[in-house]
There are 2 protein chains.
Amino acid sequence: MFSKTCEYAIRAMIYIAQQTRNGSRVGIRQIAAGIDSPEHFIAKILQELSRKGLVESMKGPTGGFYLEEASLNRSLADIVKIVDGDQLFLGCGLGLKQCSETNPCPIHFKFKKVRKEIQTMLENAKLGEFIEKLDRNETFLRRG
Amino acid sequence: MFSKTCEYAIRAMIYIAQQTRNGSRVGIRQIAAGIDSPEHFIAKILQELSRKGLVESMKGPTGGFYLEEASLNRSLADIVKIVDGDQLFLGCGLGLKQCSETNPCPIHFKFKKVRKEIQTMLENAKLGEFIEKLDRNETFLRRG
DNA sequence: ACAATAGAAGATATTTTTATCTTTTATTAA
DNA sequence: TTAATAAAAGATAAAAATATCTTCTATTGT
C-alpha cells in the first residue's frame, strides 16, 4: 500500500509526536531505534518532511526533531502525499494514465469507492491521536 | 496499490477474457498491443499465471492464450494473490512484521477495515463481468 | 574561542522491480 | 518431414527503491 519510505515516515512522525511533549527534542539515533529503521535512511526522510514543514529540527547538542503543537493535528494523509505523492488517492488502479470518469478502466468505479475510504481514513488519522495508546503500551511502533 | 507486474497481469487477463470467446486464442503480441505493455514482460507474467492454472496456452501456429470457461469466474483477488502475494490483504500498513491483533501497530484496526473492503471488492470482481462493457467501448484497457 | 554534538547534504552502494534479448521447445500446415 | 509459428525458459540489462557512507554546517556548553 505504502512505500517502505512512507512506512518509516509515518512511524517516525508518530514516534516523534509521542516522544516530544514539553518542547523536548529527539535525536535521529533514538528515532531509528524506536521504530526499527535504518538510521541514515530515516534521516533523509525526515530532512524532506522538515523542509515541507511537517516536523521541526535543530542542530547541535540538545538538538533533534520535534513537532510544533499545531503539527499534532496533521494527518497521515499529509505524510503520504509528501512521501508517496497522490497516486494512491488519484491514480488508476490498473496504472492507466488516461483513465478517467469519462474514459474509465474496467475497475474504475469499484476502485474509486475503496480509494475514497482509504483517503478518508488517512485524513482523519491525526498524529496526536496515537500518543496515549503508545504510552500505555497498547500499540507499538517496533517489535513489541 | 498493485505492482506494475500485477497491473499488467490484471489487464492482460481481462483482455484475454474478452478476446477469447468460442475457444479462440490470442497471441502475446496482440495482448501486449491490446493493453499497452512491454511484450516480453507480459509474456513472463502470463507464463506464471499459466503455471498456476489461471490461463491456458498453446504453442505453435494458431497457438496463444485463452481461458477455460470456468476461469471466467476467477476473481481479481486470485490474480493479485499470485502476482503480489497476500501482503495487501494481510500485511501491516506500517510494514511491521510483528503487528497482530494482540500486538497492533497504531493504525492496525483502522487499516483492517479498509483492507477488508479492498479484499471483498477484488474477490467479487470476476473476470467474466468486464467483457460486455469492453465490447461496448464503455471501458478501456489502454488509451481509449 | 573551542571541542563536542547532531542534523544537512551529497555521493555511493545494494537490492528489487521492471524490461529486454536470446535460445529452446511444442505445434501446425503444407 | 520440413518450414514457419508461437510460447517457454533462461540470461542479461536498465531503472527505481532502499540503504549506507562521508563531509559539511549549525549549535551548545565549557
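Scope of the values below: all heavy atoms of this structure, side chains included, with no hydrogens, waters or symmetry mates. Naming: A, B, ... by sequence-line order, numbering from 1 per chain.
Summarising the geometry, the separation between CD1 on A:Ile35 and C1' on D:dT18 is reported as 14 Å, rounded to the nearest angstrom. Atom CD in A:Glu56 sits roughly 16 Å away from atom C1' in D:dA26 (whole-Å rounding). The distance between atom CD of B:Gln30 and atom C1' of D:dT5, rounded to the nearest whole Å, is 15 Å. Counting to the nearest Å, the P atom of D:dA9 and the CG atom of B:Leu49 are 13 Å from each other. Between the C1' atom of D:dA6 and the CZ atom of B:Arg25 lies a distance of 11 Å, rounded to the nearest Å. For the pair B:Phe41 CZ and D:dA15 P, the interatomic distance rounds to 15 Å; values are reported in whole Å. One interatomic measurement links the two molecules: NZ of B:Lys59 to C1' of D:dA7, which rounds to 6 Å at whole-angstrom precision. Following rounding to the nearest Å, A:His40 (NE2) and D:dT23 (P) show an atom-to-atom distance of 12 Å.
Residues A:Leu127 and A:Met121 share a single hydrophobic cluster, defined by chaining ILVMFWY side chains whose heavy atoms lie under 4.5 Å apart.
The side chain of A:Pro38 has D:dT20 as its nearest neighbour among D:dT28, D:dT20, D:dT25.
Side-chain nitrogen and oxygen atoms of A:Tyr8 include at least one within less than 4.0 Å of the OP1 or OP2 phosphate oxygen of D:dA19. Within the 4.0 Å cut-off from OP1 or OP2 of D:dA8, at least one side-chain nitrogen or oxygen of B:Ser57 is found.
Counted within 6.0 Å of NZ on A:Lys133, heavy atoms from surrounding residues, nucleotides or ligands total 12 or fewer; the atom is thus considered open.
Distance CG/A:Asp135 to OG1/A:Thr139: 9.0 Å, rounded to 0.5 Å.
The cationic atom of A:Lys113 (NZ for Lys, CZ for Arg) does not lie both less than 6.0 Å from the six-membered ring centre of A:Phe109 and within 45° of the ring axis.
Note: B:Tyr66 and B:Tyr15 fail the aromatic proximity criterion, with ring centroids not under 6.0 Å apart.
Between B:Glu129 and A:Lys110 there is a salt bridge, with a side-chain nitrogen of the basic residue lying less than 4.0 Å from a carboxylate oxygen of the acidic one.
Interface limits on DNA chain C: the 5'-most and 3'-most nucleotides within less than 4.0 Å of chain A heavy atoms are C:dA4 to C:dA11.
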Evaluation steps, ring pair (Phe, Tyr, Trp, His ring centres under 6.0 Å), between A:Phe130 and A:Phe140: CA-CA 10 Å; A:Phe130 300 111; A:Phe140 306 88; over 10 Å; no
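Mapped onto DNA chain D by nearest heavy atom, A:Lys4 and B:Phe65 fall at different nucleotides, with B:Phe65 at the one closer to the 5' end. Where A:Lys44 and A:Thr62 each meet DNA chain C at their nearest nucleotide, the meeting point lying more 5' is that of A:Thr62. Annotation: of the two residues near DNA chain D, A:Ile42 and A:Gly60, the 5′-most nearest-nucleotide partner is A:Ile42.
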